[in-house]
Amino acid sequence: MASSGEDRGVVVDIRSAAESAGDDGARDAPLHVVESLCMRCGENGTTRILLTLIPHFREVVLMAFECPHCSERNNEVQFAGQLQPKGCCYTLKVPKGQPEVLNRQVVKSDSATIKIPELDFEIPPEAQRGTLSTVEGSIMRAVSELQALQDERKKVDPEKAEAIEQFLVKLRSLGSGEAAFTFILDDASGNSFIENPNAPSSDPLLSLRFYERTYEQQAALGFLAEPTKESGDSSQDASTVEGNSGGPQRIPHGSVGAVAGRRAIAQGNSDEITAALCRYSAPEEVDTLPSTCAACATECVTRFFSTKIPYFREVIVMATSCDACGYRNSELKPGGEIPAKGKKTTLIVRNVKDLSRDVIKSDSAAVSVPELELELSSGTLGGIVTTVEGLIVKICEALERVHGFQLGDSTYEWKKKKWDGFTERLAKLLNLEEPWTLILDDALAASFIAPATDSLEDDKQLTIEEYERSWEQNEELGLNDMDTSSADMAYNTTSTS
């Protein structure tokens, strides 16, 4: 691989090159040129590779191919940074006759899926490589790829070719803004992005949801290996032999912990029971479990312990560190039973002591600051333990990362002024030039703001409201389909042999 100038060199590490380019600025990043085979005519073309860092967004590799023989062109973008802790799903409502929505920038990674529910249309990750385009560009690229083999389809299967032709007419109408539709960008790696022109304010047309990756998604990203068939067969054979030999019967899923707990209480002495009950008040008792690094996929260890927070509930503190790459992450998970109602906590910030109040924000909590017109959906930032000031700072860092295109050198001047105005208002709030309000809305009642007095009732600046969860909230949390009958039966069982 050669440089575009007189000097020639080899790119050894893409990520290191991207980070070094980001240290000196994107303008100083070297442009590398390499000869590549053209898949259209078979001659050699030219691929230009730019390793750069988009400010407050990601380290990326921009590649553009051009063939001088047949004029074939292609461009794509790949990520040189680490995978994000969670996957992301952008949902954009595109109204009819609004071309400015179709012009929004879209960053699609190699692992992202594009969906249009109105047409029951899906672009899987393997169909399109990572691209930097717009909503219209993503749709028209799909049109061109479907149109490419139409001549061959008409010769082999005319009926199928006619059906695809009718579908392409509908797809082109969406790309030209003649019909309203929904554009969904789902990426398990968390490295995709749809532009929000209203940033840092919320966009009524755009919603963002973060989610935990499934086992299959982690395996597709290289985090976990698929279980071997031999291991599954051996476990099945063992359970079969055990059942045939008159051993203990298989216990239904969900009741294993209940039965084991009852057996431990029945067979243990008072000292053992006391030690078990005091476990939640002894943070020094740290347990470990094997895990996988979210940055380099190396095996590492996650440490966790359970504790009881006064005025609040049981929580599980988890911390992961990787000795291979230095990655660190900490989370806070709610423990105990799921509360019957959600909780909305409102704090009026007036003085410096209010900024120092402890804050526990769970994965399911939404954060809003009415004075800034700032709203964050549940799942943003994950579960963290911080202060009021630290929470606002983390929110701003997350907004700069997610809405990085608002800060680039190619954005419009009015967008920059809007972001500058937001930071000025934020600075006024943190300097306490005027009172402001922090609202934590948690459907699982797993978030907490520390009171300034010994009693919650005496703190006039802190308001806690409980409310009934809606059906949509229960559906999102998976509570509508939750079945605990097997666990209830185990706890009601009197035999503890």
Side-chain angles (χ1 to χ4, degrees), residues 86 89 91 93 201-204 206-212 306-316 331-350 354-355 357-388 390-392 394-395 398-399 429 435-484 487-488:
K86 293 185 178 182
C89 181
T91 303
K93 300 290 185 179
S201 302
S202 60
D203 187 352
L206 182 65
S207 62
L208 171 60
R209 177 178 61 88
F210 296 95
Y211 60 88
E212 296 287 347
S306 302
T307 185
K308 173 72 175 179
I309 298 179
Y311 303 107
F312 188 43
R313 60 181 294 179
E314 298 173 359
V315 296
I316 302 174
E331 291 185 82
L332 187 80
K333 301 290 186 180
E337 63 182 7
I338 296 177
K341 296 182 178 180
K343 182 183 294 184
K344 182 179 181 181
T345 307
T346 304
L347 173 65
I348 300 177
V349 181
R350 294 177 178 173
D354 293 332
L355 293 177
R357 294 194 189 210
D358 292 330
V359 173
I360 297 176
K361 179 199 170 300
S362 72
D363 288 338
S364 56
V367 184
S368 62
V369 180
E371 289 78 5
L372 287 177
E373 299 179 357
L374 177 63
E375 295 183 5
L376 268 72
S377 60
S378 60
T380 310
L381 299 181
I384 58 175
V385 180
T386 180
T387 62
V388 173
L391 177 62
I392 299 300
K394 287 181 178 295
I395 288 174
L399 287 175
L429 296 188
W436 54 281
T437 308
L438 175 64
I439 301 175
L440 294 182
D441 190 348
D442 194 346
L444 289 180
S447 296
F448 173 76
I449 298 179
T453 58
D454 294 335
S455 176
L456 290 174
E457 291 76 12
D458 297 336
D459 193 342
K460 304 302 181 182
Q461 298 175 227
L462 186 63
T463 305
I464 299 177
E465 304 175 14
E466 291 187 344
Y467 61 88
E468 295 287 344
R469 286 188 291 265
S470 63
W471 187 92
E472 290 76 11
Q473 289 176 318
N474 288 330
E475 181 68 18
E476 183 178 356
L477 296 172
L479 300 179
N480 291 333
D481 300 327
M482 183 176 292
D483 184 10
T484 60
D488 295 338

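The structure displayed is predicted, hence computed values, not measured ones.
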For Asp442 and Ser447, test the side chains for any donor-to-acceptor distance below 3.5 angstrom and give the result as yes or no.
-> yes
Per the side chain to side chain contact (heavy atoms under 4.5 Å, CB included) rule, which among Leu391, Asp363, Val359 passes with Ile384?
-> Leu391
Residues which pass side chain to side chain donor-acceptor pair (under 3.5 Å) with Glu465, listed by chain and number, not counting sequence neighbours | none
Return the minimal non-hydrogen interatomic distance between Ile439 and Pro370, and the atom names on each side.
-> CD1-CG, 4.0 Å
Exam field: side chain Trp436 to backbone Glu371, donor-acceptor pair closer than 3.5 Å = no
Compare every heavy atom of Arg469 with every heavy atom of Leu444, then report the nearest pair and how far apart it is.
-> CA-NH1, 4.3 Å
Residues in side chain to side chain contact (heavy atoms under 4.5 Å, CB included) contact with Ile464, at least two apart in sequence or another chain = Lys343, Thr345, Leu456
Hey, are the side chains of Val369 and Leu438 touching, using non-hydrogen atoms and a 4.5 Å cut-off?
-> yes
In Å, rounded to the nearest 0.5 Å, how long is the span from OG1 of Thr437 to CG of Leu347?
-> 8.0 Å
Is there side-chain contact between Ser368 and Asp441, with at least one heavy-atom pair below 4.5 Å?
-> no
Nearest-0.5 Å distance, CG of residue Leu429 to CG of residue Leu374 = 10.0 Å
What are the two closest non-hydrogen atoms of Thr453 and Asp459, and how far apart are they?
-> OG1-N, 3.5 Å
For Asp203, side chain to side chain contact (heavy atoms under 4.5 Å, CB included) partners two or more places apart = Arg104, Asn196, Pro197, Asn198, Leu205, Leu206
Residues two or more places apart in sequence or in another chain: which of them pass side chain to side chain contact (heavy atoms under 4.5 Å, CB included) with Glu466?
-> Lys341
To the nearest 0.5 Å, tell me how far Glu468 CD sits from Gln473 CD.
-> 10.5 Å
Side chain to side chain contact (heavy atoms under 4.5 Å, CB included) filter on Thr91, not counting sequence neighbours, yields Cys89, Thr182, Ile184, Ser207
How far does CG of Leu372 sit from CD1 of Ile392, to the nearest 0.5 angstrom?
-> 7.5 Å
Could you walk me through whether Val349 and Leu355 pass the side chain to side chain contact (heavy atoms under 4.5 Å, CB included) test, one step at a time?
-> CA-CA 7 Å; Val349 181; Leu355 293 177; 3.9 Å; yes
How long is the gap from OG1 on Thr386 to NZ on Lys361, to the nearest 0.5 Å?
-> 11.5 Å
Go through the structure and list residues passing salt bridge (Lys or Arg N to Asp or Glu O under 4.0 Å) with Asp354, not counting sequence neighbours.
-> Arg357
